Amino acid sequence: MAELRHSGERGRGAPGSSPLKREDAAAASPFVSSSSVATSDRDLDRDKDPHRATSAFLLSLPPPLRSLLSLEDPRSPSASFSYRVLIAFLSFTFFVLLLSIPSIWKHLNEPYICKKEGITLHCPPTKEPPSLWENPYAAATSWKPCAERRPNEISDVPSENDTSGYIFIHAEGGLNQQRIAICNAVAVAKIINATLILPVLKQDQIWKDQTKFEDIFDVDHFINYLKDDVRIVRDIPHWFTEKTELFTSIKRTVKNIPKYASAQFYIDNVLPRVKEKKIMSLKPFVDRLGYDNVPTEINRLRCRVNYHALKFLPDIDEMADKLAARMRNRTGGLNPYMALHLRFEKGMVGLSFCDFVGTREEKAMMATYRQKEWPRRYKNGSHLWQLALQKRKEGRCPLEPGEVAVILRAMGYPRETQIYVASGQVYGGKNRMAPLRNMFPNLVTKEELASKEEIDHFRKHVTSLAALDFLVCLKSDVFVMTHGGNFAKLIIGARRYMGHRLKSIKPDKGVMSKTFGDPYMGWASFVEDVAITHQTRTGLPEETFPNYDLWENPLTPCMCRA
């Protein structure tokens with residue numbers, strides 16, 4: 001800047017310079033006075049001077065900027081103060097930026113949501129919200145269970161000889177699928193005014209279990225509780241001689257019952273055959289009764305069966321109470337506990353046809369497994385990658401244990417949280433479970449809570465072990481499901497029916513899949529998204545809608561205003 005000032009002084013008054021040269025120098029000098037510029041403006045044509053617009057813009061700048069750009073002498077009174085202010089401001093800004101460099105560098109290098117080291121996940125700490133262990137909206141709800149038979153209701157059950165006949169079903173699948181089938185069987189018997197023969201729990205092809213109804217449920221309580229609703233007998237009548245062929249005889253079986261059939265379908269198609277043959281079996285009987293197309297009292301009856309008539313045997317109830325008490329006292333003091341239904345078994349992973357990160361050997365074994373179990377869906381496997389991406393976007397893939405860990409930490413659950421895991425053998429074994437177990441080390445199963453002698457007592461019936469998981473999850477302070485299924489539906493529905501303060505978390509897998517796939521999302525943004533997305537997914541009773549699932553949301557007609 002000093003050199004520029006000296007050259008300007010030589011241009012204005014250097015000896016030996018001609019008047020013409022001085023005039024040219026004055027016109028070109030950046031330090032020329034405003035009066036000289038005005039004179040020049042009168043002498044020059046604006047349209048013929050290409051530098052005129054630029055000069056006007058530069059001269060319109062504030063004094064400090066003109067000083068900084070050497071357009072005005074900073075020693076002049078008009079620029080000196082502003083110049084010092086500008087220098088001070090720029091110095092302060094530079095100092096602030098200098099101090100912010102470590103924070104900016106850390107933010108730019110922040111790990112994607114959580115940092116992974118081998119099989120361990122490290123997530124930043126999250127503040128625990130006040131509603132961590134109970135439903136934040138419980139006080140605003142005013143619903144109570146009302147599926148029990150009212151005292152003033154008169155029994156309309158006819159005598160045994162006055163019923164339309166007998167119906168018989170095989171309750172197929174696992175414990176919870178069997179439970180739904182039993183509830184539906186009672187409802188159908190009521191619809192067609194028939195006598196129900198105690199359902200048989202069919203041997204499951206996966207579990208290879210041969211549990212009988214009386215091995216898991218209290219039969220006396222079941223029959224006595226429903227005596228004013230439906231006539232139920234323990235066995236096929238003695239006068240019927242075709243007992244062994246009842247379920248296989250074409251003449252004695254009603255087939256092709258559509259899914260979610262209406263009450264009118266049973267009246268039109270099943271009732272005449274029951275009246276004709278006196279004893280009929282219904283096959284198949286999974287989800288063969290709808291929700292919206294049956295009378296309100298029939299839906300209430302199904303809730304009555306599910307929540308009041310179906311009771312597990314006393315030894316199952318007692319063992320479940322012990323396990324729940326041990327969960328709350330594992331640290332020597334009374335603590336709440338979370339129950340996690342982790343659906344990530346090999347069968348579920350295979351059936352989902354979703355893609356999960358794993359070793360090359362795991363992927364090859366899963367491809368072989370899928371091709372063997374579902375050859376028509378697998379085809380040649382070329383279409384599965386696009387299908388897997390689409391299913392994940394739509395939230396139809398099971399959550400991995402590591403994804404569950406990140407979601408729970410984002411919700412505010414600390415490392416010390418006591419977690420009871422209800423699950424089969426997790427696909428991927430210890431390596432797949434490691435991120436969840438490392439983040440929440442107080443994670444146990446029933447086998448770890450109970451002694452070998454206690455568990456062996458229930459091993460003779462696999463359904464009994466499932467019943468223990470069911471009750472411990474039902475009694476938990478918080479229940480978390482990771483994928484759909486009858487187990488999770490029945491647990492959430494029962495907790496809604498029992499009381500609003502029992503918190504049940506149903507992760508929004510569609511939103512979470514988009515979040516996990518965002519490479520630019522930091523931890524703070526992720527925590528905010530999780531909180532907003534799940535603030536209304538805590539298991540409160542919800543107003544019903546067409547085709548709603550009665551087992552997951554029993555609000556109407558099984559619950560009433562308080």
Side-chain angles (χ1 to χ4, degrees), residues 111-123 174 204-208 340-409 419 421-441 443-448 462 465-466 469 480-485 487-488 507 509-510 512-519:
Y112 162 60
I113 299 183
C114 297
K115 184 179 180 181
K116 187 174 183 180
E117 292 181 358
I119 57 175
T120 303
L121 282 174
H122 298 282
C123 297
D204 187 81
Q205 295 180 356
I206 298 176
W207 296 106
K208 307 297 182 185
L340 174 62
H341 185 220
L342 189 60
R343 294 206 71 188
F344 207 75
E345 305 89 350
K346 182 179 179 179
M348 176 53 60
V349 171
L351 181 61
S352 70
F353 277 83
C354 296
D355 183 73
F356 299 97
V357 177
T359 64
R360 184 174 299 177
E361 291 76 12
E362 283 179 331
K363 289 183 177 293
M365 291 175 61
M366 179 54 66
T368 304
Y369 174 69
R370 285 171 172 168
Q371 189 173 23
K372 177 184 176 182
E373 297 293 330
W374 304 279
R376 296 182 63 183
R377 289 185 61 188
Y378 186 83
K379 299 178 183 179
N380 62 0
S382 61
H383 68 295
L384 293 181
W385 174 246
Q386 187 62 34
L387 176 65
L389 290 177
Q390 184 64 28
K391 288 172 72 72
R392 183 168 286 276
K393 289 179 181 179
E394 295 172 356
R396 294 190 288 145
C397 292
L399 289 171
E400 294 188 60
E403 293 174 331
V404 177
V406 174
I407 293 173
L408 293 180
R409 179 54 53 85
I419 301 180
V421 178
S423 171
Q425 187 173 0
V426 172
Y427 173 69
K430 294 182 178 180
N431 286 346
R432 186 75 67 170
M433 280 292 293
L436 176 61
R437 190 174 288 276
N438 290 338
M439 193 175 294
F440 296 99
L443 183 148
V444 294
T445 63
K446 56 182 173 292
E447 288 80 7
E448 295 170 308
V462 177
L465 295 176
D469 277 342
V480 181
M481 60 171 288
T482 61
H483 199 50
F487 183 96
K509 294 182 293 180
M512 289 298 96
S513 67
K514 296 176 183 177
T515 304
F516 285 132
D518 186 353

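Note that the structure is a prediction, hence the values are computed from the model and not measured. When reading the values below, keep in mind they use all heavy atoms of this one structure, side chains included, and skip hydrogens, waters and symmetry mates.
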Novice: Keeping S513 on the side-chain end and R392 on the backbone end, is there a donor-acceptor pair under 3.5 Å?
Specialist: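 Side chain of S513 to backbone of R392, a donor-acceptor pair under 3.5 Å: yes, one is there.
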Novice: For F356, which residues count as a ring pair (Phe, Tyr, Trp, His ring centres under 6.0 Å) partner, sequence neighbours excluded?
Specialist: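 Expected list: F344.
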Novice: For residues 347-390, pull every pair meeting disulfide bond (SG atoms under 2.5 Å apart), keeping only residues two or more places apart or in separate chains.
Specialist: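 Applying disulfide bond (SG atoms under 2.5 Å apart) to every pair that reaches into residues 347-390, excluding sequence neighbours, yields C354-C397.
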Novice: Could you work out, with salt bridge (charged side-chain N to carboxylate O under 4.0 Å, His left out) as the rule, every residue matching R343, not counting sequence neighbours?
Specialist: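 Checked R343 against salt bridge (charged side-chain N to carboxylate O under 4.0 Å, His left out); zero matches.
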Novice: Distance check, rounded to the nearest 0.5 Å: R396 atom CZ versus L387 atom CG?
Specialist: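 So the CZ of R396 and the CG of L387 are separated by 7.0 Å.
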Novice: Mind checking salt bridge (charged side-chain N to carboxylate O under 4.0 Å, His left out) for K446 and listing every partner two or more places apart, or none if nothing turns up?
Specialist: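 Here the qualifying residues are D469.
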Novice: What's the verdict on side chain to side chain contact (heavy atoms under 4.5 Å, CB included) for Q425 and K346, showing C-alpha distance, side-chain angles and the deciding distance?
Specialist: CA-CA 8 Å; Q425 187 173 0; K346 182 179 179 179; over 6 Å; no
Novice: Would you call L342 and L436 a side-chain contact if the rule is heavy atoms closer than 4.5 Å?
Specialist: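 L342 vs L436: side chains touch.
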Novice: Side-chain contact test, heavy atoms from C-beta onward, threshold under 4.5 Å: evaluate it for M481 versus P507 and give yes or no.
Specialist: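 Yes, at least one pair of side-chain atoms sits under 4.5 Å.
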Novice: Do L121 and N438 have side-chain heavy atoms sitting under 4.5 Å apart?
Specialist: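 No, their side chains stay 4.5 Å or more apart.
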Novice: H341: what forms a ring pair (Phe, Tyr, Trp, His ring centres under 6.0 Å) with it, not counting sequence neighbours?
Specialist: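 Result, ring pair (Phe, Tyr, Trp, His ring centres under 6.0 Å) vs H341: F487.
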Novice: Which residue pairs pass the side-chain hydrogen bond (donor to acceptor under 3.5 Å, both in side chains) test with at least one member in residues 362-374, sequence neighbours excluded?
Specialist: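 Counting only pairs at least two positions apart or across chains, the side-chain hydrogen bond (donor to acceptor under 3.5 Å, both in side chains) contacts touching residues 362-374 are D355-K363.
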